[in-house]
Protein chains: 2
Amino acid sequence: MFKNRNSQNIHCNHCAVKTLCVARDLNPIETDDINNQITKIKVADKGNHIFHAKDLQQNLYAVHTGSCKDYWLDEDGSERINNFYLPGDIIGLESIPNDKHLYSLIALENTELCVIPITALFDLMHQHSNILKRVMNIAGYKMQNDQSIRITTNVNQRIADFILNTYYRLQERSNSKDFISLPMSQLEISNYLGMAHETVNRVLRKFHKEKIITIKVKRIYITDIDRLKELGTTLLSIGQGETHVEKIPEEECQ
Amino acid sequence: MFKNRNSQNIHCNHCAVKTLCVARDLNPIETDDINNQITKIKVADKGNHIFHAKDLQQNLYAVHTGSCKDYWLDEDGSERINNFYLPGDIIGLESIPNDKHLYSLIALENTELCVIPITALFDLMHQHSNILKRVMNIAGYKMQNDQSIRITTNVNQRIADFILNTYYRLQERSNSKDFISLPMSQLEISNYLGMAHETVNRVLRKFHKEKIITIKVKRIYITDIDRLKELGTTLLSIGQGETHVEKIPEEECQ
DNA sequence: CGCTGTTTTGAACGAAGTCAAGGTTCGTGG
DNA sequence: CCACGAACCTTGACTTCGTTCAAAACAGCG
């Protein structure tokens, strides 16, 4: 179901996840230009599809509130989750070269998505180098995220990485530092990480017993971030916040 | 070691991997503009570094001939391979938002890389919408590739997927349809796929016995692509060749 | 020609998957 | 508002797959 963005009083300037979305680092004119091209929001109830794989792709979507997953069906017809999307995330970048969606998108909870027409976005990137730069950065962060859930030998590490990744991404979007909740089910986590759901449960229970996380009904709260970091791989602290460049070498290469 | 690109008689127009690189789908003026901004090639012998993680990033690199891997070091100091790069591949897109390289890059064999200055590229994207479109497509394909080596439950499938992925990518670059060779060692494959190298070897040996592939010294030849496809997950046939849109629905979503 | 890194194979162990079954939570409809 | 069914979560026992350890064969390179 579509809503008019204006009538909902949504403007990139006041958006809670502005610093993650397209409107970051833009001057007022650029922000207005972007905002004016995003005229619709799409509202989806929990479990509803936003689009299907092989659909013609005319838009990107930005998660305004809520969360989503995208997936495809393998030869057996079983679901294979590709990614989860949280507020501020841009959906659909990987499908641009094909002009059609590679994955189907489903809302994990009641969700509002800003509809970003691709042709309009490309025009804006062409006009404003700040917008070009910003979209390229978003693409880069997306690649970093896709690469961050890499295959590791053991299951504890993979789940720790998953929780950390989602933790970092959620933390950028809210101010609660202590407790963060994950919107997806254990079944979905196991699907995404490619392991048995019983295993996910056992590892989460173990983490719970060791007071690293606290499991409430359908929500997971992180209580000991340091232990979690020890368990996971490093490199993961990929976010869009401040970039600390430790030291800049004189020359790119000898 | 750097070489002057002009003196090497390299021009995007005549490049063997032009259809995979930035210069695809451009008109002559645009191709010239791109070509003029790429003035250097970097030559690296097997095993040599091209750049290191945390180096300042000023350039992207395009593989002209040869192949590379990029990696990072985990807390134990052991190597974690992030990706392999074949002729036509663009290296460094994911690091753009950070202005420094996230990974270190090593040549797998004697390799020539076209040096693409990022600021120049951004200027060209700003000027020519075709170049903008092309770079966004490359970014999209890169995401598809990052997503294609997803975690699957069993090892046979993961290796089949890996071989298929590399097969498709290599096939786009050469005209030999029957036999294709992989430039990386089994040790590197195991590292990349997150499994023991003995396991990689055993699975490859099994595939060899079943006449799906033929293993020669440090080279793997694919002999039965159909069997391999059955073993792997689908969706993988991601390439930059013709895009077959099976059917275009009337509306993007109901 | 010897050293080093890579591939190969076997045997034993352990981690994670599978199967089965019971307990919870949530949504829907009566 | 309660009852019921459908997902989802939890736990145990068993099995299997893949890792680990060890050791040998091989290739590549200085």
Side-chain angles (χ1 to χ4, degrees), chain A residues 45-48 69 71 76 78-81 84 106-110 151-163 181-210 213-221 231, chain B residues 45-48 69 71 76 78-81 84 106-110 151-163 181-210 213-221 231:
Chain A
D45 289 341
K46 178 176 177 165
N48 282 3
K69 65 174 175 186
Y71 71 93
D76 307 330
S78 37
E79 179 176 306
R80 300 279 209 118
I81 296 175
F84 299 111
I106 282 189
L108 290 174
E109 50 196 321
N110 293 356
I151 301 137
T152 51
T153 302
N154 80 90
V155 161
N156 293 326
Q157 205 175 29
R158 206 143 88 222
I159 291 186
D161 280 346
F162 173 78
I163 299 175
S181 62
L182 307 179
M184 68 292 291
S185 71
Q186 293 180 14
L187 205 72
E188 288 168 323
I189 295 174
S190 71
N191 183 315
Y192 177 62
L193 296 179
M195 56 180 83
H197 73 273
E198 294 95 331
T199 306
V200 171
N201 183 263
R202 272 185 262 263
V203 172
L204 289 176
R205 282 279 128 214
K206 202 184 71 175
F207 286 178
H208 180 89
K209 280 201 192 90
E210 294 171 2
I213 59 174
T214 306
I215 306 175
K216 294 265 172 70
V217 255
K218 294 209 84 187
R219 297 276 177 220
I220 297 166
Y221 302 90
L231 287 166
Chain B
D45 288 340
K46 177 174 177 169
N48 282 3
K69 66 174 175 186
Y71 71 94
D76 307 330
S78 39
E79 180 177 306
R80 300 280 208 117
I81 296 175
F84 299 111
I106 283 189
L108 291 175
E109 51 196 319
N110 293 356
I151 300 136
T152 51
T153 303
N154 79 89
V155 163
N156 293 325
Q157 205 174 30
R158 208 143 87 221
I159 292 186
D161 279 346
F162 172 78
I163 299 175
S181 62
L182 307 179
M184 68 293 291
S185 70
Q186 293 180 16
L187 206 72
E188 288 168 323
I189 295 174
S190 72
N191 183 315
Y192 177 62
L193 295 179
M195 56 180 83
H197 72 273
E198 295 95 331
T199 307
V200 170
N201 182 261
R202 272 185 261 264
V203 173
L204 289 177
R205 282 280 128 213
K206 202 184 72 176
F207 286 179
H208 180 90
K209 282 202 191 88
E210 296 172 0
I213 60 174
T214 306
I215 305 176
K216 293 265 172 70
V217 255
K218 295 210 82 186
R219 297 276 178 222
I220 297 166
Y221 301 89
L231 286 166

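- The shortest side-chain heavy-atom distance between B:Asn191 and B:Tyr71 does not fall under the 4.5 Å cut-off.
- Residue-to-nucleotide contacts include a donor-acceptor pair under 3.5 Å from the side chain of B:Glu198 to the base of D:dC21.
- In the set C:dA16, C:dT6, D:dC9, the nucleotide with an atom closest to the side chain of A:Leu187 is D:dC9.
- Counting to the nearest Å, the P atom of C:dA15 and the NZ atom of A:Lys206 are 9 Å from each other.
- Put simply, the side chain of A:His208 reaches to within 4.5 Å of the side chain of A:Thr214, judged on heavy atoms.
- Counting heavy atoms from C-beta outward, B:Phe207 and B:Ile220 have side chains that stay 4.5 Å or more apart.
- Among the atoms of the strands shown, base atoms are found under 4.0 Å from some heavy atom of B:Thr199.
- Between the NE2 atom of B:His197 and the C1' atom of D:dC21 there is a distance of 11 Å, given to the nearest Å.
- Residue contacts shown for B:Arg202 include a base, since a base heavy atom lies under 4.0 Å away.
- Considering only heavy atoms from C-beta on, A:Val155 stays 4.5 Å or farther from A:Arg202 through its side chain.
- Listed nucleotides C:dA16, C:dT8, C:dC19 differ in distance to B:Asn201; the shortest reach to its side chain belongs to C:dT8.
- Between C:dT18, D:dT19, C:dT7, one nucleotide has an atom nearer to the side chain of B:Ala196 than all others, and that is D:dT19.
- Each of B:Val200 and B:Lys46 was matched to the nucleotide of DNA chain D holding its nearest heavy atom; the match closer to the 5' end belongs to B:Val200.
- Between the P atom of D:dG18 and the CD atom of B:Gln157 lies a distance of 11 Å, rounded to the nearest Å.
- In this structure, B:Ile215 places its CD1 atom 14 Å from C1' of D:dC26, rounding to the nearest Å.
- Out of C:dT18, D:dT20, C:dT9, the shortest distance to the side chain of B:Arg205 is found at C:dT9.
- Between the CD atom of B:Glu188 and the C1' atom of C:dT7 there is a distance of 13 Å, rounded to whole Å.
- Set against C:dG17, D:dT19, D:dG18, the side chain of B:Asn154 has D:dG18 as its closest nucleotide.
- Mapped onto DNA chain C by nearest heavy atom, A:Asn156 and B:Gln186 fall at different nucleotides, with B:Gln186 at the one closer to the 5' end.
- What separates CG of A:Leu108 from C1' of D:dC8 is a distance of 14 Å, to the nearest Å.
- For A:Glu109 and C:dC26, the CD to P distance is 14 Å, given to the nearest whole Å.
- The distance from atom CD1 of A:Ile106 to atom C1' of D:dA7 is 15 Å, rounded to the nearest whole Å.
- Side chains of B:Tyr192 and B:Met184 form no contact here, defined as non-hydrogen atoms less than 4.5 Å apart.
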